[in-house]
Amino acid sequence: MRKEAKPFFILLGIGAVLLSFYQFITPISYLPITIPFEDQLYRLGFIGLYLSTFSLGIIGLMDEDKSVRVLGGLIILSPLIALIPNYAVSEWWEVIEIFTVVVGSFIMVKSVLKSNRLPLILTLFVIIFNEIEGLDEQIFHNFIYTSFLTLLYLTLISGFILLLYNLKLKRLLISIGLGGLAMGIYLPLFFLTLHNRFLEMIFALVFPAVYGISISNPYNIPLLILAYSLALFLSVALAVNIDLYTGLGFYMIETTTFLGLTGFHYYIYMVFPIMGFYFMNLKRVTFARNWNVLNR
């Protein structure tokens with residue numbers, strides 16, 4: 001990745017955080033809870049959506065890998081494509097979706113093999129499976145029954161193994177402390193649903209409707225919210241303990257892999273997990289590439 005792309009990584013990080021405001025507030029807005037500055041946060045969320053799309057596309061176009069550049073071009077064009085009436089049900093859009101999944105899978109497999117971060121194999125499996133599931137629903141209108149929580153916790157297990165992969169105790173303790181602060185965003189909801197059956201039932205109805213997910217057992221809602229808390233914890237901890245690209249990539253995966261499975265017309269939800277996984281391997285791949293150049 002070129003050095004010139006670093007400012008766009010900053011914009012991408014800001015956009016991803018702003019986008020998460022919208023994702024966080026949407027289900028809570030259905031509850032009898034007053035959210036301070038709700039309208040302003042909604043607007044920031046939409047700004048984050050377009051900021052993420054723009055910056056991610058630029059980063060892709062600036063990459064040295066031709067496949068990533070192609071994906072970057074599609075990301076840049078996606079907001080314009082969305083202006084075409086009924087584009088989401090057209091055959092040419094289905095071709096773009098299939099092409100994205102095929103090219104994206106190739107990018108992810110190649111990046112993890114080059115970086116040799118084997119704990120990420122679990123996350124790779126989950127992303128590819130969810131992409132295929134989304135295609136199946138979008139194109140063939142089939143529903144593949146899956147345990148949503150199992151897939152989510154598989155990525156968390158993968159993240160925790162990676163966090164401990166290269167053990168540096170002092171840095172690890174700092175990352176755990178900062179990650180614990182990030183958990184505080186979702187933990188109040190966890191305890192609220194854990195001890196309030198009425199709110200737990202409401203969330204069991206709201207989450208599938210808003211996030212496009214299915215939860216077979218409504219009693220699992222506290223476990224779902226806990227998983228989101230752990231995802232925030234790992235995003236911060238990985239950024240501190242390993243590198244910022246890894247933390248950002250994991251955050252991108254967790255905030256979009258489990259959303260929008262039936263909403264691929266939001267192209268960002270389809271591409272975010274792919275590019276996020278690529279970023280998790282980016283620094284190791286770049287280091288290996290530079291090392292090979294020096295040893296020629």
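Source: prediction; values computed, not measured.
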Quick one: [atom1] on [X] to [atom2] on [Y], what's the gap to the nearest 0.5 Å?
X	Y	atom1	atom2	answer
F191	S229	CZ	OG	8.5 Å
S235	L178	OG	CG	13.0 Å
I225	T193	CD1	OG1	3.5 Å
L189	L194	CG	CG	12.0 Å
S105	I128	OG	CD1	4.0 Å
S115	L120	OG	CG	6.5 Å

So does [Y] get a backbone contact from the side chain of [X], meaning a donor-acceptor N/O pair under 3.5 Å?
X	Y	result
T246	I242	no
N220	L223	no
R171	V240	yes
N281	F277	yes

Identify the heavy atoms of [X] and [Y] that sit nearest to each other, and give their distance.
X	Y	value
S78	T53	OG-CG2, 3.9 Å
E97	M270	O-CE, 3.0 Å
G15	S52	C-OG, 3.0 Å
V236	G179	CG1-N, 3.8 Å
I274	G104	CG2-CA, 3.5 Å
L238	G159	CD2-O, 3.9 Å

Margin query: Could you walk me through whether T123 and V126 satisfy the side-chain contact (heavy atoms from CB on, under 4.5 Å) test, starting with their C-alpha distance in whole Å, then the side-chain angles of each, then the deciding distance to 0.1 Å, before giving a yes or no?
Written below: CA-CA 5 Å; T123 300; V126 172; 5.6 Å; no
Next item on the list: Go through S158 and I121 one step at a time and tell me if the side-chain contact (heavy atoms from CB on, under 4.5 Å) criterion holds.
Entry: CA-CA 8 Å; S158 179; I121 296 294; over 6 Å; no
Do [X] and [Y] belong together in a cluster built from hydrophobic side chains that touch within less than 4.5 Å?
X	Y	answer
L51	L244	no
F54	I10	yes
L181	L232	no
I98	I96	yes
Y245	V17	yes

Next item on the list: Start with the C-alpha distance between F9 and F279, add both sets of side-chain angles, then the distance that settles ring pair (Phe, Tyr, Trp, His ring centres under 6.0 Å), and finish with yes or no.
Entry: CA-CA 10 Å; F9 271 105; F279 294 156; 5.0 Å; yes
With a 4.5 Å limit on heavy-atom distance, are the side chains of [X] and [Y] in contact?
X	Y	value
V70	F99	yes
E200	I221	yes
L56	I268	yes
D63	Y278	yes
L156	Y153	yes
T100	E131	no
L282	S111	no
P273	N130	no

Next item on the list: Indicate yes or no: does D243 engage R117 in a salt bridge with an N to O separation below 4.0 Å.
Entry: yes
Note to self: Set out, in order, the CA-CA distance, both residues' side-chain angles and the distance that settles side-chain contact (heavy atoms from CB on, under 4.5 Å) for F250 and M280, then state yes or no.
What the structure shows: CA-CA 7 Å; F250 189 82; M280 289 193 75; 3.9 Å; yes
Checklist line | Aromatic ring pairing Y87/W92, orientation class (parallel under 30°, perpendicular over 60°, tilted between) | finding: tilted
Item checked: Test side-chain contact (heavy atoms from CB on, under 4.5 Å) applied to Y251 and F272, step by step -> CA-CA 10 Å; Y251 184 78; F272 240 55; over 6 Å; no
Margin query: Hydrogens and angles aside, do T155 and E254 bring a side-chain donor and acceptor to less than 3.5 Å of each other?
Written below: yes
